Every structure is written in structure tokens, then in C-alpha cells.
Amino acid sequence: MASPETIRAKCFTSHFQCDLSDHIISISPITARFPPVPGGDGRCFQYKVYQPGQPMYGNITFEGAEHADSIGNIKNWVNDVYLGKEIRKDITIETFDQAGDTVRTFHLKDTFPTHFNILDCGAEGQSGTVVRWTLEVRVNRIEM
């Protein structure tokens, strides 16, 4: 049987860095799906051939802790989009292993906020004691 030290050494802890904010606590899974598209050359009518279509990316949710610098930038971005300005943002996420080496980099291209929520612990929202925020963005393209 393996010793506890070797078992602990094989455990993977995900660490990440995101340029959206330095105070992000968690990021939802990054998903993509390729819907099947009928294909083939039409020589044989008995068989249907499918090929992968254009990728469709799922929305990504960021959760962060309150910090005056990061929440201000995100609020301004969401407010500008709410006012009708066409502001899309590129977001980069880097994942690291336990040694601190970069494992993978995701470039989320042309993201657009779809949902923004702030948990305010103040009485009637007047104190400005924001504890946690959640931002959901729609992704147009992902480069890895």
C-alpha cells in the first residue's frame, strides 16, 4: 500500500489566475459542445454521415470577494453594457499545478455579461458592505 505522503503528492489542487479581477474565488467549468451536422458526399443514401459543427460555448460564472478596485471595474463594465454600449471584453484564465507551473491558458474572446449579482450585508443595501459578487458571461470563442 502506498504511503500517505505519496498519495498526497498525487492529489491535484487547481490554482488559477484571471485578469478580470485579482479577487476571484471560483470559476465555473469551461464547457464547449459541437453539435452534429449532416455531412457526406451523397453517394450512398443508406447511411447518414455526421460531422462536428461549429462549437457552442456555455456561459461561465465568476465568483469573487469584495474589493474596492475589482468591484468598481466590473460594475462599470456591467453598467456600460446595460446602457447599450457594445463593450465586449477578452478574459484570460491561467491554471497552475502545485509547483506553480502553468498547466493551461484559456483566452475567452468577446465575452459579454449576462447576469450580475452582489450580496450586500448592509441594512437595506445602504452600508456598501459587499461581501461576494457573481458575474456570468457569455463567451463567443475560446482559444487554448
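The model shown is predicted, which means the values in this text are computed figures rather than measured ones.
- Residues Met144 and Ile93 are members of one and the same hydrophobic cluster, defined by side-chain heavy-atom contacts under 4.5 angstrom among Ile, Leu, Val, Met, Phe, Trp and Tyr.
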Atom pairs and distances, side-chain donor-acceptor, residues 106-116, under 3.5 Å, sequence neighbours left out:
from: His107; atom 1: ND1; to: Thr92; atom 2: OG1; distance (Å): 3.3
from: Asp110; atom 1: OD2; to: Asn140; atom 2: ND2; distance (Å): 3.4
from: Thr111; atom 1: OG1; to: Lys89; atom 2: O; distance (Å): 2.5
from: Thr114; atom 1: OG1; to: Glu136; atom 2: O; distance (Å): 3.2

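- In this structure, the separation between CE on Met56 and CZ on Arg33 is 4.5 Å, given to the nearest 0.5 Å.
- Residues Ile87 and Tyr82 are members of separate hydrophobic clusters, defined by side-chain heavy-atom contacts under 4.5 angstrom among Ile, Leu, Val, Met, Phe, Trp and Tyr.
- When the shell of 6.0 Å around CZ of Arg104 is examined, it contains 12 or fewer heavy atoms from other residues, nucleotides or ligands.
- For the atom pair Ile60 CD1 and Ser28 OG, the distance stands at 6.0 Å (nearest 0.5 Å).
- Applying the 6.0 Å contact sphere to CD of Gln54 captures no more than 12 heavy atoms from other residues, nucleotides or ligands.
- For the atom pair CG (Asp90) and CZ (Arg141), the distance works out to 8.0 Å, reported to the nearest 0.5 Å.
- Nearest approach of Gly53 to Val37, heavy atoms of both residues: CA-CG2, 3.5 Å.
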Query raised in the report: When you look at Phe62 and Ser21, which way does the side chain to side chain contact (heavy atoms under 4.5 Å, CB included) test go after all the steps?
Result: CA-CA 10 Å; Phe62 298 93; Ser21 169; over 6 Å; no
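- Listed for the Trp133 side chain is no donor-acceptor partner under 3.5 Å among the backbone atoms of Lys75.
- Nearest heavy atoms, Asp97 versus His15: O-CD2, 3.9 Å.
- Taking each heavy atom of Val139 and Tyr57 in turn, the nearest pair found is O-CB, 4.0 Å.
- Of all the heavy atoms in Phe34 and Pro52, the pair that sits closest is CB-CB, 4.1 Å.
- Taking CG from Leu135 and CD1 from Ile74, the interatomic distance works out to 6.0 Å, rounded to the nearest 0.5 Å.
- Here the CD1 atom belonging to Ile24 is positioned 7.5 Å from the CD1 atom belonging to Ile91, to the nearest 0.5 angstrom.
- With rounding to the nearest 0.5 Å, the separation of CD1 in Ile25 from CZ in Phe16 is 8.5 Å.
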Query raised in the report: Step by step, would you call Val81 with Trp77 a side chain to side chain contact (heavy atoms under 4.5 Å, CB included)?
Result: CA-CA 6 Å; Val81 170; Trp77 182 39; 4.0 Å; yes
